[in-house]
Protein chains: 2
Amino acid sequence: MPAALLSREEVLNRLLDAFRERGYEGASLAELSAATGLVKASLYHHFPGGKSEMATAVLAHLDGMLAEQLYLPLRADLSPAKKVAAMLDTIDTFYDGGRKACLFERLATSVDHTTFRRPLTRAFSTWIDAVEDVCVEAGLSRAAARGRAEDLVIRIEGALVLTAGTGNLKFFERTLTDLRKSLLAR
Amino acid sequence: MPAALLSREEVLNRLLDAFRERGYEGASLAELSAATGLVKASLYHHFPGGKSEMATAVLAHLDGMLAEQLYLPLRADLSPAKKVAAMLDTIDTFYDGGRKACLFERLATSVDHTTFRRPLTRAFSTWIDAVEDVCVEAGLSRAAARGRAEDLVIRIEGALVLTAGTGNLKFFERTLTDLRKSLLAR
DNA sequence: GTCTATACGTGGATAGAC
DNA sequence: GTCTATCCACGTATAGAC
């Protein structure tokens with residue numbers, strides 16, 4: 001039996017990029033095949049459930065990446081302000097200033113979005129919870145922190161929609177700039 | 001030659017619903033056919049450019065509807081507060097409390113989004129401009145008004161994404177509630 | 001203006017060799 | 001674990017009758 005061409009992690013990274021770029025319906029098996037360098041039959045070997053299972057696996061993979069790169073630093077021993085600044089830097093890089101789409105949004109607005117409802121609900125609430133905690137640490141009430149955290153995720157997702165629709169990066173940039181100032185403001 | 005079964009306006013309304021429900025890639029010609037009661041060949045009679053032309057026509061049709069139902073009332077001789085309240089009521093109804101998607105978002109995140117870039121840019125800026133003007137009328141500076149208006153559209157789009165992804169209407173509801181309080185606040 | 005019928009590619013998916 | 005080859009349904013699109 002031939003050795004694996006790419007590690008599972010690398011395959012998932014390539015699938016992540018493909019789904020973000022093309023969306024769930026837009027990413028055909030032919031494209032996913034080209035993105036990974038694996039023919040369709042090989043993809044089915046790794047993901048017997050087909051495209052739906054690929055998307056679910058990519059979502060779980062992304063959750064792991066975010067836990068490590070986005071949420072864990074928010075629990076570090078630094079000032080809340082610094083941690084928020086670092087988070088927004090990471091987000092800016094991850095979305096490439098608004099040029100790259102959000103996997104959550106791509107699956108949330110797919111035709112089979114009900115298939116992904118559970119993992120998406122978990123993904124959004126994990127993100128919101130992490131932001132909420134740092135807001136509380138900065139002195140906001142639990143209720144206010146919750147509102148700010150939900151609002152942050154909502155604004156980032158909305159800004160990505162306007163940026164994608166118009167091709168104008170300013171919507172994403174302004175939103176991040178504003179969040180830097182307003183998230184922890186009293 | 002047989003009489004038209006549905007008026008062009010009614011056809012566009014049905015196509016609008018279909019695109020909002022299924023998205024641009026998700027809405028197949030078979031579904032658009034079922035939605036309008038016209039077979040595929042008849043749809044091509046009305047829209048020789050195919051699905052892309054259908055979406056463009058629907059977008060123009062929606063622009064007309066919004067001009068009349070959403071933007072015109074914002075220029076009426078009423079207090080800014082009342083006009084904003086009315087606008088948010090209309091928006092709440094239009095998105096059915098978050099249950100129905102936004103056509104702009106569906107096209108903005110489609111694979112051929114570049115095809116729709118010009119009309120989408122126009123559509124978003126028309127919406128933003130209308131809100132900006134009423135904010136100015138309420139006493140906000142032009143710059144502040146612009147920011148609030150962009151933010152309103154961004155938050156509505158983002159709230160729709162989270163609501164669709166999680167199935168939880170609270171994101172949309174809270175966003176509208178918050179906008180009612182905060183849009184014109186000094 | 002609507003229909004039936006059809007063309008032709010591509011979609012997701014599988015069988016089985018190596 | 002990867003490949004070639006293939007299946008069949010459905011995708012968009014068109015021709016031509018009424």
Side-chain angles (χ1 to χ4, degrees), chain A residues 1-59 61 103 106-107 109-116, chain B residues 1-16 18-59 61 106-107 109-116:
Chain A
M1 53 180 128
L5 293 181
L6 294 175
S7 67
R8 180 177 171 88
E9 184 178 0
E10 188 53 32
V11 168
L12 289 169
N13 279 331
R14 308 262 188 121
L15 292 176
L16 171 61
D17 288 342
F19 279 124
R20 286 178 71 185
E21 195 168 324
R22 306 281 296 170
Y24 183 71
E25 348 280 347
S28 67
L29 287 190
E31 287 167 334
L32 298 175
S33 173
T36 55
L38 294 172
V39 297
K40 297 181 201 175
S42 301
L43 285 174
Y44 273 89
H45 173 75
H46 294 285
F47 309 100
K51 203 159 92 161
S52 164
E53 185 177 335
M54 294 180 213
T56 306
V58 166
L59 198 45
H61 173 62
L103 180 74
R106 306 239 83 153
L107 299 184
T109 62
S110 77
V111 166
D112 332 347
H113 64 283
T114 48
T115 310
F116 308 117
Chain B
M1 54 180 125
L5 293 181
L6 295 175
S7 67
R8 179 176 172 89
E9 185 180 357
E10 187 53 32
V11 168
L12 288 170
N13 279 330
R14 307 262 189 122
L15 291 177
L16 171 60
F19 279 125
R20 287 178 71 187
E21 195 167 325
R22 305 281 296 170
Y24 182 70
E25 349 280 346
S28 68
L29 289 189
E31 286 169 335
L32 298 175
S33 173
T36 55
L38 294 172
V39 297
K40 298 176 198 176
S42 301
L43 284 174
Y44 274 90
H45 173 77
H46 293 285
F47 310 99
K51 203 160 92 163
S52 163
E53 186 175 336
M54 294 180 213
T56 307
V58 166
L59 199 43
H61 172 62
R106 305 239 81 154
L107 300 183
T109 62
S110 77
V111 167
D112 330 347
H113 65 283
T114 50
T115 311
F116 309 116

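By convention in this document, chain letters (A, B, ...) are assigned in the order of the sequence lines, proteins followed by strands, and residues within each chain are numbered from 1.
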**Q** Just compare C/dG12, D/dC3, D/dG11 and give me whichever is closest to any side-chain atom of A/L38.
**A** D/dC3
**Q** Rounded to the nearest angstrom, tell me the gap between atom CZ in B/R22 and atom C1' in D/dC10.
**A** 13 Å
**Q** Rounded to whole angstrom units, what separation is found between the CD atom of A/E53 and the P atom of C/dA13?
**A** 11 Å
**Q** Pick the closest DNA chain D nucleotide for A/H46 and for B/Y24 by heavy atoms, then say which residue is nearer the 5' end.
**A** A/H46
**Q** Mind checking if B/S28 touches a base, just sugar-phosphate, or nothing, with heavy atoms under 4.0 Å?
**A** sugar-phosphate
**Q** Given that A/A41 and A/E31 both sit by DNA chain C, which one's nearest nucleotide is further toward the 5' end?
**A** A/E31
**Q** With a 6.0 Å cut-off (strictly less than), is the heavy-atom count around CD of B/E21, excluding the residue itself, greater than 12?
**A** no
**Q** Drop me the distance from B/L38's CG to B/H46's NE2, to the nearest 0.5 angstrom.
**A** 5.5 Å
**Q** Measure across A/G37 and A/L5 and return the closest heavy-atom pair with its distance rounded to 0.1 Å.
**A** O-CD1, 4.3 Å
**Q** Evaluate the ring planes of B/F19 and B/Y24, with Trp represented by its six-membered ring, and classify them as parallel (under 30°), tilted (30 to 60°) or perpendicular (over 60°).
**A** parallel
**Q** What distance separates A/L107 CG from A/R20 CZ, expressed to the nearest 0.5 Å?
**A** 11.5 Å
**Q** Would you indicate, yes or no, if D/dC3 has its OP1 or OP2 atom less than 4.0 angstrom from a side-chain nitrogen or oxygen of A/S42?
**A** yes
**Q** Of A/P48 and A/A30, whose nearest nucleotide on DNA chain C comes first from the 5' end?
**A** A/A30
**Q** For B/K51 and C/dT10, give me the distance from atom NZ to atom C1', rounded to whole Å.
**A** 13 Å
**Q** Using only side-chain N and O atoms of B/Y44, determine if any of them is under 4.0 Å from OP1 or OP2 of D/dT14.
**A** no
**Q** Remember a base hit wins even if backbone is also touched, and classify A/K40 as base, sugar-phosphate or nothing at under 4.0 Å, heavy atoms.
**A** base
**Q** Find the distance A/L32:CG to C/dT10:P and express it as a whole number of Å.
**A** 16 Å
**Q** Using atom CZ of B/F47 as one end and atom P of D/dT14 as the other, report the distance to the nearest whole Å.
**A** 16 Å
**Q** Side chain of B/L29, heavy atoms from C-beta onward: which of D/dT12, D/dT4, D/dG1 has the nearest atom to it?
**A** D/dT12
**Q** Calculate the interatomic distance between A/H45 atom NE2 and D/dG1 atom P; express it in whole Å.
**A** 4 Å
**Q** A/E25 has an atom CD; how far is it from atom P of C/dG12, in whole Å?
**A** 10 Å
